[in-house]
Amino acid sequence: MLRGSCLCGGVRYEVAGPLASALNCHCSMCRKAHGAAFRSRAGVRSSDFRWTQGEDLVTWYETSPGTHRGFCRVCGAKLLSRFDFEPKWHGLPLGALDDDPGVRPGQHVFVSCKAPWYEITDSLPQHQEWPPK
Ligand SMILES: [Zn+2]
Ligand SMILES: [Zn+2]
């Protein structure tokens with residue numbers, strides 16, 4: 001069981017299953033949403049995810065049609081993304097995890113949108129947008 005929480009501690013969640021396809025996303029939406037060079041995220045089955053506290057504090061912002069990013073309305077921490085077109089999977093920002101998920105980001109995506117002030121210094125694969133399927 002993996003646990004995560006927001007910055008103020010008002011929202012908590014649990015993940016009961018393995019995370020999938022961890023990666024670093026450099027797209028401009030992720031950069032702005034997180035105020036960071038990139039967002040580290042993984043996929044989580046929606047059936048494995050549950051809020052354990054403070055779900056009423058989670059506010060959803062639709063960043064692109066059908067993609068909703070959930071954040072704590074008290075502290076602003078990014079907690080989860082859900083997709084109208086893929087309801088079986090959620091996107092989980094790794095930064096809010098309290099436990100080690102075991103997985104590590106394996107690639108960089110949307111490097112075409114990378115911040116000019118950030119240099120990727122690891123040897124992970126880089127993709128201009130999404131990796132080829
Ligand atoms: Zn919070
Ligand atoms: Zn992104």
To the nearest 0.5 Å, tell me how far [X] [atom1] sits from [Y] [atom2].
| X | Y | atom1 | atom2 | value |
| --- | --- | --- | --- | --- |
| S21 | R41 | OG | CZ | 6.0 Å |
| K114 | E119 | NZ | CD | 7.0 Å |
| S5 | E14 | OG | CD | 11.5 Å |
| F110 | M29 | CZ | CE | 7.5 Å |
| H34 | C25 | NE2 | SG | 9.0 Å |
| K88 | E86 | NZ | CD | 7.5 Å |

Full working for side chain to side chain contact (heavy atoms under 4.5 Å, CB included) between C72 and L7: CA-CA 8 Å; C72 171; L7 179 57; over 6 Å; no
W51 and F49 aromatic ring geometry - parallel, tilted or perpendicular at 30°/60° bounds: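 Taking W51 first and then F49, their aromatic rings stand perpendicular (interplane angle over 60°).
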Given side chains that start at C-beta, do those of [X] and [Y] come closer than 4.5 Å, heavy atoms only?
| X | Y | value |
| --- | --- | --- |
| C8 | R73 | no |
| V74 | V11 | no |
| C27 | R39 | no |

What about L79 and V103, same hydrophobic cluster or not, with Ile/Leu/Val/Met/Phe/Trp/Tyr joined at side-chain heavy-atom distances under 4.5 Å?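 Result: yes, single cluster for both.
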Is W89 reachable from Y13 through a run of hydrophobic residues whose side-chain heavy atoms are each under 4.5 Å from the next?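 Hydrophobic grouping puts Y13 apart from W89.
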Side-chain ([X]) to main-chain ([Y]) donor-acceptor, under 3.5 angstrom:
| X | Y | value |
| --- | --- | --- |
| R104 | G102 | yes |
| N24 | P105 | no |
| D99 | P101 | no |
| K78 | A33 | yes |
| S40 | L94 | no |
| Q53 | G9 | yes |

If you apply the rule side chain to side chain contact (heavy atoms under 4.5 Å, CB included), what do you find for W60 with L80, and how did you get there? CA-CA 9 Å; W60 298 93; L80 192 71; 4.0 Å; yes
[X] to [Y] - nearest heavy-atom pair and separation:
| X | Y | value |
| --- | --- | --- |
| F71 | G76 | CB-O, 3.9 Å |
| G106 | P125 | O-CD, 3.3 Å |
| S28 | C113 | N-CB, 4.0 Å |
| A42 | L19 | CB-CB, 3.9 Å |
| V109 | E129 | CB-O, 3.4 Å |

Please confirm whether F38 and H26 have ring centers closer than 6.0 angstrom. yes
Can H90 and D48 be said to form a side chain to side chain contact (heavy atoms under 4.5 Å, CB included), step by step? CA-CA 10 Å; H90 293 326; D48 288 337; over 6 Å; no
Stepwise, does the side chain to side chain contact (heavy atoms under 4.5 Å, CB included) test hold for L2 with V44? CA-CA 11 Å; L2 282 174; V44 58; over 6 Å; no
